[in-house]
Amino acid sequence: MKLHDPVHKKVIGIMFIVFSAFWLLGMAFYDQFMSFILDKAMEDGNSDPDIFFVFNILDSIFWGITIIFFIPRLILGVALVGNQKWANIPSLIYGVISLLNFPIGTALGVYCILVFTAKKPAEDDY
């Protein structure tokens with residue numbers, strides 16, 4: 001298998017775009033769902049409004065993680081599909097980070113490491 005072939009980087013770019021879009025949609029759904037649940041809990045009148053401060057902090061932390069990890073990964077995916085050379089090293093870094101996301105992220109991380117660390121063969125190897 002020729003891992004230095006540009007088609008592998010395009011496949012990784014498409015996977016970055018798809019996974020980032022799913023995470024962003026999931027976070028948007030989570031945010032709307034939690035807003036609905038908290039609004040219903042506040043209508044009861046018996047709940048302490050200070051307790052909802054914790055949920056606001058958790059929501060901010062989750063959105064911070066989403067912004068730090070998934071929006072740049074979406075941009076890297078677009079850059080890889082467009083065959084931009086500057087995206088190779090950051091994509092390798094995000095590939096290593098995605099090793100923690102078992103099982104699909106682990107497979108994507110291993111694939112990223114194999115593709116971005118592959119050496120081009122000498123011309124006489126063909």
Side-chain angles (χ1 to χ4, degrees):
M1 181 179 348
K2 300 177 189 175
L3 290 175
H4 63 279
D5 196 16
V7 73
H8 292 291
K9 292 180 183 177
K10 288 187 181 197
V11 168
I12 291 172
I14 291 170
M15 292 170 72
F16 275 4
I17 291 169
V18 168
F19 290 144
S20 295
F22 279 144
W23 274 101
L24 290 171
L25 287 173
M27 275 304 298
F29 175 76
Y30 167 78
D31 194 32
Q32 292 298 317
F33 180 73
M34 287 304 292
S35 294
F36 175 75
I37 295 296
L38 292 176
D39 287 343
K40 290 298 179 187
M42 296 270 294
E43 286 178 0
D44 183 22
N46 293 335
S47 57
D48 185 18
D50 294 334
I51 213 76
F52 297 110
F53 178 71
V54 174
F55 289 107
N56 288 332
I57 289 176
L58 286 175
D59 191 44
S60 299
I61 290 171
F62 289 154
W63 272 110
I65 290 170
T66 300
I67 289 170
I68 289 172
F69 288 108
F70 298 112
I71 291 177
R73 195 156 128 183
L74 184 68
I75 294 168
L76 284 173
V78 171
L80 285 174
V81 170
N83 204 16
Q84 300 290 321
K85 296 219 181 270
W86 63 265
N88 290 346
I89 299 300
S91 297
L92 176 63
I93 292 169
Y94 274 94
V96 170
I97 291 171
S98 70
L99 288 171
L100 299 172
N101 204 3
F102 185 79
I104 296 171
T106 304
L108 177 61
V110 170
Y111 186 49
C112 285
I113 291 171
L114 289 175
V115 168
F116 291 116
T117 59
K119 294 181 181 178
K120 289 187 177 185
E123 294 294 327
D124 53 338
D125 286 344
Y126 288 110

Item checked: Derivation of the side chain to side chain contact (heavy atoms under 4.5 Å, CB included) call for Cys112 and Phe16 -> CA-CA 10 Å; Cys112 285; Phe16 275 4; 3.9 Å; yes
Item checked: Within one Ile-Leu-Val-Met-Phe-Trp-Tyr cluster: Tyr94 and Leu100, side-chain cutoff 4.5 Å -> no
Note to self: Is it true that, when you exclude Phe22 itself, more than 12 heavy atoms of the residues, nucleotides or ligands shown sit nearer than 6.0 Å to its CZ?
What the structure shows: no
Check: Are Ile113 and Leu99 close enough, and set up right, to give a side chain to side chain contact (heavy atoms under 4.5 Å, CB included), and what steps lead you there?
Finding: CA-CA 10 Å; Ile113 291 171; Leu99 288 171; 3.9 Å; yes
Notebook entry, point to check: Is there a path from Leu24 to Leu58 through hydrophobic residues (I, L, V, M, F, W, Y) whose side chains come within less than 4.5 Å of each other?
Noted result: no
Next item on the list: Find out if a path of hydrophobic residues (ILVMFWY) with successive side-chain heavy-atom gaps under 4.5 Å connects Met34 to Phe36.
Entry: yes
Can you give me every donor-acceptor pair (side chain of residues 66-92, partner residue at least two apart or in another chain, under 3.5 Å) with its distance?
{"unit_1": "Thr66", "atom_1": "OG1", "unit_2": "Phe62", "atom_2": "O", "d": "2.9"}
{"unit_1": "Ser91", "atom_1": "OG", "unit_2": "Ala87", "atom_2": "O", "d": "2.6"}

Notebook entry, point to check: Side-chain heavy atoms under 4.5 angstrom apart, residues restricted to Ile, Leu, Val, Met, Phe, Trp, Tyr: same cluster for Phe19 and Val110?
Noted result: yes
Note to self: Please give me the minimum heavy-atom distance between Trp63 and Met27, naming the atom from each residue.
What the structure shows: CZ2-O, 3.7 Å
Item checked: Interatomic spacing from OH in Tyr111 to NE2 in His8 - rounded to 0.5 Å -> 4.5 Å
Check: Roughly how far apart are Ser20 OG and Leu25 CG, rounded to 0.5 Å?
Finding: 11.0 Å
Item checked: Ile104 atom CD1: more than 12 heavy-atom contacts under 6.0 Å -> no
Next item on the list: Indicate if Ile37 and Tyr30 have the same hydrophobic cluster label, given that clusters are the connected sets of ILVMFWY residues with side-chain heavy-atom separations under 4.5 angstrom.
Entry: yes
Note to self: Quick check for you: to the nearest 0.5 Å, what is the distance between Leu38 atom CG and Asn56 atom CG?
What the structure shows: 7.0 Å
